[in-house]
Amino acid sequence: MRSPRVSLIGGALTALLVYVLAYRGGVRPFRLIIVGIAVGAFLSSISSMLLLAVSPEKAMLVATWGAGSLSGLGFEQLRLTAAVFAALLICSVGVVRPLVHLEMGDDTALALGVNAQRARLTATVTGVALTALVTAAVGPIAFIALAAPQIAQRLTRSSTTLRIAPAALTGAAVLVAADFIAQRVDLPVGVVTVCVGGAYLAWLLARQYKGGHR
């Protein structure tokens with residue numbers, strides 16, 4: 001298992017860099033996403049450059065981890081991260097209500113007593129910490145966090161994707177299903193989630209685009 005401490009520090013520094021670059025008298029979601037994509041591409045290029053400098057054996061190990069894999073994991077890894085995960089889960093519950101208000105716009109959220117910038121910063125720090133903690137153990141398993149809230153929203157017929165319990169349970173179910181498929185086709189689970197999750201999100205975007213032009 002990779003060091004959770006190193007992963008958390010790296011994630012925090014990356015998130016801080018994105019936040020600073022995106023800050024222009026405040027942080028807007030669209031600007032935050034664009035800057036995040038740019039920083040992610042920059043770090044990926046550095047990672048690729050470093051892979052070229054190591055032996056092929058080490059490069060293969062890193063590439064396998066980079067695809068995301070549950071192979072070889074057990075309760076020992078769970079015990080190492082359980083305490084940190086529990087603390088972060090409590091924090092995530094506390095940021096849900098402000099984010100629900102932010103869905104109605106910054107002005108409405110402000111009228112309801114929500115500090116928009118502080119709520120976004122708290123949510124970003126909590127999300128980055130949760131992501132870094134999981135990534136340290138299993139690697140970057142993509143699309144689960146993007147697809148699970150959307151699926152949970154439709155299963156529960158909720159008006160928002162910001163419901164932790166349904167989204168978490170849906171994400172766990174999707175990951176277990178993806179891992180079942182990955183074991184049958186002998187691929188890292190991250191490859192399966194990219195294929196399935198990417199196809200689902202593409203369908204979802206196409207459906208929303210079509211609905212917006214009726």
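All values reported here derive from a predicted model rather than from experimental measurement.
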Return each pair, listed once, that meets salt bridge (Lys or Arg N to Asp or Glu O under 4.0 Å) where at least one residue sits in [range]; pairs must be two or more places apart or across chains.
range            : result
residues 108-137 : Asp106-Arg120
residues 122-131 : none
residues 187-196 : none
residues 58-68   : none

Point to revise | Interatomic spacing from OG1 in Thr131 to CG in Leu88 - rounded to 0.5 Å | key: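 Here the interatomic distance stands at 10.0 Å.
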Review point. If you round to the nearest 0.5 Å, how far is CG of Leu110 from CG of Asn115?
Key: 8.0 Å
Check your understanding: Using links of under 4.5 Å between side-chain heavy atoms of ILVMFWY residues, direct or through other members, which residues join Ile37 in one cluster?
Key ->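 Direct or chained contacts put Ile37 with Ile33.
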Check your understanding: Hydrophobic clusters join Ile, Leu, Val, Met, Phe, Trp and Tyr when side-chain heavy atoms are under 4.5 Å apart, directly or via other members; which others share one with Val20?
Key ->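 When side chains under 4.5 Å apart are linked, the cluster holding Val20 also contains Leu16.
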Practice item. Any side-chain hydrogen bond (donor to acceptor under 3.5 Å, both in side chains) involving residues 35-47? Give me the pairs, sequence neighbours left out, ordered by first then second residue. Key: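 Every pair satisfying side-chain hydrogen bond (donor to acceptor under 3.5 Å, both in side chains) with a residue in residues 35-47: there are none.
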Point to revise | Test applied, side chain to side chain contact (heavy atoms under 4.5 Å, CB included); reference residue, Tyr19; option that passes from Leu121, Val35, Thr14 | key: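 Looking at Leu121, Val35, Thr14, the match for Tyr19 under the side chain to side chain contact (heavy atoms under 4.5 Å, CB included) is Leu121.
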side-chain contact (heavy atoms from CB on, under 4.5 Å) involving [X] - partner list, sequence neighbours excluded:
X      : value
Leu50  : Ile46
Phe143 : Leu146, Val194, Leu201
Ile34  : Phe30
Arg97  : His101

Could you list the donor-acceptor pairs under 3.5 angstrom formed between side-chain atoms of residues 166-185 and any protein atom two or more places apart in sequence or on another chain?
from: Thr170; atom 1: OG1; to: Pro166; atom 2: O; distance (Å): 2.7
from: Asp179; atom 1: OD2; to: Gln183; atom 2: NE2; distance (Å): 2.8

**Study point:** Heavy-atom donor-acceptor pair, Arg154 side chain to Gln150 backbone, under 3.5 Å
**Key:**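 Looks like yes, one N/O pair under 3.5 Å.
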Review point. Quick check: does any side chain N or O of Thr122 sit under 3.5 Å from a backbone N or O of Ala119, one acting as donor and the other as acceptor?
Key: no
